[in-house]
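Data first, discussion second: the structure below is written as C-alpha cells.
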Amino acid sequence: MPDAKPGTVYLKDYRPPAYLINRTELHFELYEDCAIVSSRLHLLRDGSVAQNASLQLHGQELELLSVAVDDCELSAAEYAISADSLLIYAVPEQCVVACRTRIRPQANTSLSGLYKSRSLFCTQCEAEGFRKITYYLDRPDVMSVFTVTVEAQREHYPVLLSNGNLSEVRELAAGRHRAVWHDPFPKPAYLFALVAGDLSHTQDSFTTASGRQVTLRIYVEERDLDKCQHAMRSLQQAMRWDEQVYGREYDLDIFNIVAVDDFNMGAMENKSLNIFNTSCVLCSPEITTDSGYQRVQAIVAHEYFHNWSGNRVTCRDWFQLSLKEGFTVFRDAQFSAAMGSPTVKRVEDATLLRTAQFAEDAGPLAHSVRPESFMEINNFYTLTVYEKGAEVVRMMHTLLGAEQFRRGSDLYFERHDGQAVTCEDFVRAMEDASGVDLHPFRNWYAQAGTPHLTVRDEYDAVRQCYTLHVQQSCPATPGQLEKLPFVIPLAMGLLGAAGNLPLRQTGTAGDVETSDNTHTVLIIDQPGQTFVFEGVTERPVPSLLRGFSAPVRLHYDYSKSDLCALMRRDADGFVRWDSAQVLAIRVIEEVERQLFTGAVPLVDPLFIAACDDLLRNESLDPAMVAEMLRLPSEEYLAELASQASGANVDTIHKARNIVRTALGSALVESLLARYHSLDSVLAYAPDAEQIARRSLRNTCLSYLVSAGPHNLELASRQYELAGNMTDRLAALKEIAFYGAGGLRDSTLNSFYQDWRHEALVVNQWFQVQAEIPDSQGLSRVQALLAHADFELRNPNKVRALVGGFTNQNPVNFHRVDGTGYRFLGDIVVALNGLNPQIASRLLTPLTKWRNYTGRAELMRAELERLATEPALSPDVFEVVTKSLQ
Ligand code: 0A1
Ligand code: ZN
C-alpha cells in the first residue's frame, strides 16, 4: 500500500450507514442565477450501528439557508458546516431533517451535480455529485423513495423531468409551472436525475412480456428530432433481449432518455430518466459513422440493462463499482454480439483490452477490479473496472456454462432485489445456483495486473501423444508484490493439416464441457500444469485462447507458417484474427530491427501473400477480412514494446508505415478489385452486412492511398460521392493524412462549411485534424484551440481535439522537444479548475512515461511540473502523484 494520504478512502474501513433515509422529498426552484433546493429527509437511526445521536450529511459547494429537525429550525450552535459536510449534533432516532440550500448550476463547470448545458438544466450525480445539490447521505447503500417537485419558468423550461412517474403538473403565478415526480423504487442518490428545458421528444412504446405497456421517450432539441430513430429501436431491442436472455422486465410505465451536449461520460442510467451525451444517442446516415451507430446501440442497451444490474440491485460502496459495471458491460457485449457479428465484437473488445487495459494494469495506476482504496472515486471509472470487470464475468459464464450462469443471475436478482451489495454477493449467487466452487476464482477481483500464460508443447509421434505445458505468472503491481494463481479458462483446439483434430485428453476431470470434440476449455489454476492429449496422429498447431477466453498475455513460440495455418484454417474466428495480428506484429518488429541496424527494410513476402489470400477470398465475412488486414495500432505496438525494451514511437511509426505501404503497393490489383466490387447502391442501413462491406472497402481505400498519392484520386471521388458519413469520413481521413497541402486544406474546409451546423460532425472534423501525423501536427492543434467552435468547457470537443492528439497522434504527442507534453500539461492546468474529471482523464497518456525510450524523463518532468501547480483538484492530484511514485 502507498502511504496513507489525507483523503484516501479504504475498502477495509467500510461501515454500514448509521441512519437510513426511508423517504426523500425534494423541491427545486430553478432561476436564471441560482436554484433553491429544499429537502425533507425522513430519517431512521439504525440502533445496531449508530454510536451516538449526531448526524453527518455530505455536502459540497452548498449555501445553507436553513436547517430544521422535525420542523424546528436549528440555531447555529446546533450544527457545524465544513467544506464537505453538515454535522447536526443531536437528532432523534426517527425524524425529518429539512434543509434549504442555494446552489449555482450556471457556474457549475464540473458537470457534476446540477448544472446547465446550454439552456438546459440537468444533473449528473454518480458517483458523488448529489452532495453538490443538497446535504444528504450520499452513499450507494442509503436507498430512499424519492418525490421530486420541480418549478421553473414555463416559457424557457416547458419540460420538467425527474425519476419515476409524473404525479402532478400545475401552473403557478408569474409564468412559472411545476411538476411532481414520484419514483416508487428505493434508490441511492447517485441515481437521482432532474432535467428542465425546452426540449422536443419522440415517443414510442414497448409491451413487456407480461403485458405492461411502457411509454418510451427520447428528449432532444427540436432540430435533432429526426436523429432519434436508431436509439429508439436500440432501446426496444435491448428491452426484448433482456427479457429473453436474462428474464428481466422493465418495471415502470415510462422510460425517458434525454440528450445533453455537455456531459463527462457517455451516458447515465438514472432510474427511468437516462441522461445521454448527444454523441451517444443522435444518429443519422449523414452525420454518424457505422461505428457511431454501433456505439449508440451498445450504450442505449448498457444504460437500459443497468435498470436491473445497477438500479434494482446496486452497489454497497464504490469499491464494488464493477459489480454493476463489469456485469453490465458483459451484458451489453452479449447484446451487441447478438445484434451484429459476434467475432468482430469480440475482436474489438479484445483490442481495447489489450491496448489500453493491459497498459493500465502494467502502469503506476494499476488497481484490481475491486480496488482497495481511492482518493477520488471519479478516477476509478476505468478500463479495469469496466472492461476487465466484464471479462471476469465472462470467465464465470465460461466456467459455469450459459445455463448455470443464468441460474446464477436469476438467483442474484431475486436474492438481492432492492439491496446494495458486493462483488462477493454476486460470486456467491453464481456459486450457490450452480454448485461450482468459485473460491480461487475470486483472486480476479482482488489482484491487479495482467497474468502471463506461457505455453510450451511436445509431440511424441510414436505414442501419438501431444503435451502442453502451461505456466502462469503475474507481475507485481503497486502495493501487490506477490500474486496467488488465477483461475484461467484456456479455450483451445489443435489444428492439423486437414482441419481441427478431435481431442482426447488424459484425465479430463474438472474441465468445462464443450459442445464438440475439437474444442475444449482447460482450467489453469496452478503456477504450472501439464495437459496430455492422446491419439494425436500428426504434430498439431495449438489454437490457444480461443474467443479470447481470458484477459491474459499469451506466449507461445509460433512459427510464421503456424500463424498462417491458423489464420487460414482454424475453426475459431478470434484465433484466425489473432494469428494475423501476431504475424503482422512480427513483420513490423522485423522492420523496426532493420531500421535500427540500418539494413534495407524488407517486408516478409509470406505476410503479403497471406493478406492477398484474405483479400481474394470472397467466402469470408468482409468485416473479418477488414479486421485481419488492419495493422495493429501504434499504441498497441508501443504497449507491446514497453513489455520488452521500451517503446520508440518514431521507429514504430516508420516501420508500421513501411509495412502498410509495402502491402498497399504489392496488392494494388486485389485491393482495387475488392474496392470496386464492394461498392453499393443500396440505401444506407447500419446492418451487419452493409457495415462489413463498408469496413473492408474503406480498408482497401486506405491501403491504396498508402501505395501512392495517385490513389488519392479515389479518395477524392469517394469523398465527393459519399452518401453517408462512414464513407465520407474515411475518405476525408486519407486526404487529410496523405493529401498535398492544397487538396487537404480545401477538402477540410469544404467539410467544415458543409457541416458547421452539426456540433457532432465538427467534433469529428477536429479529431481528424488532431490525428494528422505530419510535422505540423502540434501547431495545427494549437491553432484549432482558438477556433470559434472549440470550447474547453465541452468535454466532447476536448476529447476530440486534445484526446485525439494525445492518444492517436503518437509521433506528435511524443515530440522529442517535449512540446507535446507541455501542450497537454497546459490544458490539464486550465481544465483542473473547470472540470477536474476531464482534466484527470486527459492525463492518462502521460502516466505511461516509463514505457517510452528516450522520452521518459521529459514526460516525467511534465508530471512533476503539474505536481507543483497550486490548487490541484483531488482528481488530478491523485493521478499525478501516483504516476510519479
Ligand atoms: N454509470 C455510467 C457512467 C458514468 C459514470 C460516472 C459519471 O460521472 C462521473 C457519469 C456516467 C455508465 O456506466 O454508463
Ligand atoms: Zn455502466
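Note that the coordinates shown come from a computational prediction; the quantities given were computed from them, not determined experimentally. What you see below is based on every heavy atom in this structure, not just the backbone, and it leaves out hydrogens, waters and symmetry mates. In listed order, ligands and their atoms are each counted from 1.
Y386 OH, 2.7 Å is the protein heavy atom nearest to atom 13 (O) of ligand 1. With respect to atom 9 (C) of ligand 1, the closest heavy atom belonging to the protein is E126 O, 3.0 Å. Among protein heavy atoms, atom 2 (C) of ligand 1 sits closest to E269 OE1, 3.2 Å. Nearest protein heavy-atom neighbour of atom 14 (O) of ligand 1: E303 OE2, 2.5 Å.
Interface atoms of ligand 1 facing K324, defined by a heavy-atom separation under 4.0 Å, are 1 (N). Close contacts of ligand 1 with H302, meaning ligand atoms under 4.0 Å from a residue heavy atom, involve 12 (C), 13 (O), 14 (O). Near Q837, meaning under 4.0 Å from any of its heavy atoms, are these atoms of ligand 1: 8 (O), 9 (C). Distances below 4.0 Å separate heavy atoms of Q124 from the following atoms of ligand 1: 7 (C), 8 (O), 10 (C), 11 (C). Near N378, meaning under 4.0 Å from one of its heavy atoms, ligand 1 places the atoms 9 (C).
Between Y304 and F255, the angle of the ring planes goes over 60°, which puts this pair in the perpendicular group of the 30/60° scheme. Ring geometry for F28 against F192 counts as parallel: the plane angle stays under 30°, on a 0 to 90° scale with 60° as the upper cut.
The shortest distance between side-chain heavy atoms of T288 and L282 does not fall below 4.5 Å. Within the 4.5 Å cutoff, no side-chain heavy atoms of V9 are placed close to those of D317. R799 has its side chain out of reach of R841: every pair of non-hydrogen atoms, C-beta onward, lies at least 4.5 Å apart. Side-chain contact between E269 and L191 is present, with heavy atoms from C-beta onward closer than 4.5 Å. Side-chain contact between Q229 and M232: absent, with no pair of heavy atoms (C-beta onward) separated by less than 4.5 Å.
Note on H302: its N/O/S atom closest to the Zn ion (ligand 2) is NE2. For E325, the N/O/S atom at the shortest distance from the Zn ion (ligand 2) is named OE1.
Checked by distance only, ligand 1 and M268 stay at 3.5 Å or farther apart across all their nitrogen or oxygen atoms. For ligand 1, the polar-atom distance check finds no N/O of Y381 at less than 3.5 Å from any of the ligand's N/O atoms.
Applying the salt bridge (Lys or Arg N to Asp or Glu O under 4.0 Å) rule to pairs touching residues 182-193 yields D183-K187, sequence neighbours excluded.
Residue A267 places a heavy atom less than 4.0 Å from ligand 1.
The number of heavy atoms from other shown groups lying within 6.0 Å of CZ (R240) is above 12.
For R233, the salt bridge (Lys or Arg N to Asp or Glu O under 4.0 Å) criterion is met by no residue, not counting sequence neighbours.
When heavy-atom distances to ligand 1 are checked against a 4.0 Å cut-off, S112 has no atom that comes that close, whether in backbone or side chain.
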